[in-house]
There are 2 protein chains.
Amino acid sequence: MEGSTPRTRTRIQQEKREVILEAALEVFSTNGFRGSTIDQIAEAAGMSKPNLLYYFRRKEDIHETLMHRLLDTWLAPLKELDDIGDPMTELRSYIRRKLEMARDFPRESRLFANEILQGAPRIMSMLEGELKTLVDEKVEVIKGWMRAGKVAKADPWHLIFAIWATTQHYADFDVQVRAVLGPDRGGEGRFEDAARFLEQLFVEGLRPKT
Amino acid sequence: MEGSTPRTRTRIQQEKREVILEAALEVFSTNGFRGSTIDQIAEAAGMSKPNLLYYFRRKEDIHETLMHRLLDTWLAPLKELDDIGDPMTELRSYIRRKLEMARDFPRESRLFANEILQGAPRIMSMLEGELKTLVDEKVEVIKGWMRAGKVAKADPWHLIFAIWATTQHYADFDVQVRAVLGPDRGGEGRFEDAARFLEQLFVEGLRPKT
DNA sequence: CTAACGTTTGTCCAATCGGTCAAAAAATTG
DNA sequence: CAATTTTTTGACCGATTGGACAAACGTTAG
């Protein structure tokens, strides 16, 4: 018997919590936090509502756990942007990785987008703290590249925003992208087309002048 | 006395409907459709819930009216992208106009983003119809520019997506942008910085080769 | 077997939701 | 003024919501 905060978790608890989080990711990312019901998540997880509430006491706890997990993987690509290697190659790799995440983890992207859209009430402190610190750090790296003449001089902050925006667009606005491209061009090949275009845009757009 | 569909509207009806739509834009854009309540909108509009429901019978009617109005103004900049004038100047104007809309109408942008994020259940037919037709048309214009050597060859669809993504980012992800930029760089000047960066990125990125 | 513990569920509850309705209050019309 | 129509509101309703709870079920250890 544990106190109010169970530290040890049985095998079943760990497994069921994973099932719930997977179901919640699906539901939250398509309906938003307030638009999702515990019943929906419970049904998607294949269990009854009281049973779900046995593993997560409150709806917010599920969302919070999901968010914290997400942020680690979400910031990983930017963390990998390193000063070693050729600058333009580094930037291209970053763009490619972000686009792959939009392709492979669209639900995570939409969950994040939902949170930001609503004013980021639950992760504001992380944005101003961890994220800002990380961006500031990488901005210095990019500035170094620009001073060294390896990358065209431009605002590094807005460069990062542009990479975020263009890549996440393919996850967050997926329905619109597919609707506009139509059935022919809207297949899985759209990510390769996007990768080619974005590579061209950023490589040419950031090519240092002579 | 009117039938079930009142055609003529009194002065009060027109005014109150405007007040309600303004309030609903504020509420819907920050909480999403399901996350918003009629009470919230009524309070923001300064009237009681039954009174609001006297002007709009259902919550969905408000949202639908808001959406239809939005779409016209939202697509206007793309419609203006014309074959007359210098291609790169046309593209730069389009980017600037879209960025101005993100600055001046962020709530409209977020309302639209919310709808798309949730799978665009209410405007899917418009995406596949009106929007796709318009984009297809402008894609042809851009293709012409590319064939004429005025713009670097690139995928016109993804070029449009990139412009949408980078500009709307400053409305939809505003909290994140401001949090990352911090109090110093996050003031109103951020839109001018963004405009300069995006102009550089797209102009250099699309400069035709020799 | 029993006792103890972890798991699951049916039932219930208070709060909130979108929406109705009758009747009062304003405004308009004659 | 009175008659009529439009506008506003308090009270109310059924459905849904997040969550509580005790009882039942399952599993394991002695």
Side-chain angles (χ1 to χ4, degrees), chain A residues 1-28 30-67 114 118 121-122, chain B residues 1-28 30-67 114 118 121-122:
Chain A
M1 175 49 187
E2 299 287 336
S4 54
T5 32
R7 279 272 149 262
T8 57
R9 291 208 175 108
T10 68
R11 178 183 50 84
I12 290 185
Q13 274 176 351
Q14 295 201 15
E15 287 175 3
K16 289 294 172 89
R17 282 174 67 96
E18 287 307 315
V19 173
I20 292 171
L21 288 172
E22 157 67 25
L25 174 60
E26 184 72 27
V27 176
F28 279 143
T30 41
N31 302 110
F33 180 76
R34 286 211 53 186
S36 305
T37 70
I38 300 184
D39 287 284
Q40 285 176 321
I41 301 172
E43 191 190 340
M47 62 181 71
S48 64
K49 180 169 66 169
N51 196 10
L52 182 147
L53 285 168
Y54 169 73
Y55 293 102
F56 291 91
R57 300 166 99 99
R58 292 177 305 148
K59 182 184 172 186
E60 276 210 272
D61 291 349
I62 310 176
H63 192 264
E64 190 186 326
T65 305
L66 222 43
M67 272 293 168
N114 255 308
Q118 327 243 316
R122 286 168 257 270
Chain B
M1 176 50 188
E2 299 288 335
S4 54
T5 32
R7 277 276 147 261
T8 58
R9 292 210 174 106
T10 69
R11 176 184 50 84
I12 291 186
Q13 275 175 351
Q14 295 201 16
E15 288 174 2
K16 291 293 173 95
R17 282 175 66 96
E18 288 307 315
V19 173
I20 292 171
L21 288 173
E22 159 66 24
L25 174 59
E26 184 72 28
V27 175
F28 279 144
T30 41
N31 303 110
F33 180 76
R34 286 213 53 187
S36 305
T37 70
I38 299 183
D39 288 283
Q40 285 177 321
I41 300 172
E43 191 190 340
M47 62 180 71
S48 64
K49 180 169 67 171
N51 195 10
L52 183 147
L53 286 167
Y54 169 73
Y55 294 102
F56 290 91
R57 301 165 97 98
R58 293 177 304 150
K59 182 184 172 186
E60 275 209 277
D61 290 348
I62 311 176
H63 191 264
E64 190 186 326
T65 305
L66 223 42
M67 272 292 168
N114 254 308
Q118 326 244 315
R122 286 169 259 268

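So you know, we letter chains A, B, ... as the sequences are listed, proteins then strands, and number each from 1.
Remark: C1' of D:dG19 and CD1 of A:Ile62 are 12 Å apart, rounded to the nearest angstrom. One can place CG of B:Asn31 at 14 Å from C1' of C:dC17, the figure rounded to the nearest angstrom. In this structure, NE2 of B:His63 is placed 13 Å from P of C:dG19, rounded to the nearest angstrom. Straight-line distance from the CZ atom of B:Arg17 to the C1' atom of D:dT7: 15 Å, rounded to whole Å. Whole-Å rounding puts the B:Phe56 CZ to C:dG18 C1' distance at 16 Å. Spacing between atom NZ of B:Lys59 and atom P of C:dG18 amounts to 4 Å, rounded to whole angstrom units. Atoms CG (A:Leu52) and P (C:dG6) sit 19 Å apart, rounded to a whole Å. Rounded to an integer number of Å, the gap from NZ of B:Lys16 to C1' of C:dA26 is 11 Å.
Taking 4.0 Å as the cut-off between side-chain N and carboxylate O, B:Glu43 and B:Lys49 do not count as a salt-bridged pair.
With distances taken from any side-chain atom of B:Asn51 to the nucleotides C:dG18, D:dT7, D:dG19, the minimum falls on D:dT7. Among the nucleotides D:dG10, C:dG18, D:dG18, the one closest to any side-chain atom of B:Thr37 is C:dG18. For B:Tyr55, counting side-chain heavy atoms from C-beta on, the closest listed nucleotide (D:dT8, C:dT8, C:dG19) is D:dT8. Listed nucleotides: C:dC17, D:dT9, D:dG19. Nearest to the side chain of B:Asp39: C:dC17.
OP1 or OP2 of D:dT7 lies within a sub-4.0 Å distance of a side-chain N or O belonging to B:Gln13.
Nucleotides of DNA chain C nearest to A:Tyr54 and A:Pro50 differ in position, and the one nearer the 5' end is that of A:Tyr54.
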Pair B:Gln40, B:Asn31 - check side chain to side chain contact (heavy atoms under 4.5 Å, CB included), show working. CA-CA 10 Å; B:Gln40 285 177 321; B:Asn31 303 110; 4.2 Å; yes

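A cation-pi arrangement, defined by a distance under 6.0 Å to the six-membered ring centre and an angle within 45 degrees of its axis, is absent between B:Arg34 and A:Phe33.
Heavy atoms of B:Lys49 sit under 4.0 angstrom from at least one base atom. Using a 4.0 Å heavy-atom cutoff across all strands shown, A:Ile38 reaches sugar-phosphate atoms only and no base atom.
Put simply, the side chain of A:Glu18 never gets that close to the backbone of A:Glu15: no donor and acceptor are under 3.5 Å apart.
Among B:Arg58, B:Arg57, B:His63, the single residue meeting the side chain to side chain donor-acceptor pair (under 3.5 Å) criterion with B:Asp61 is B:Arg58.
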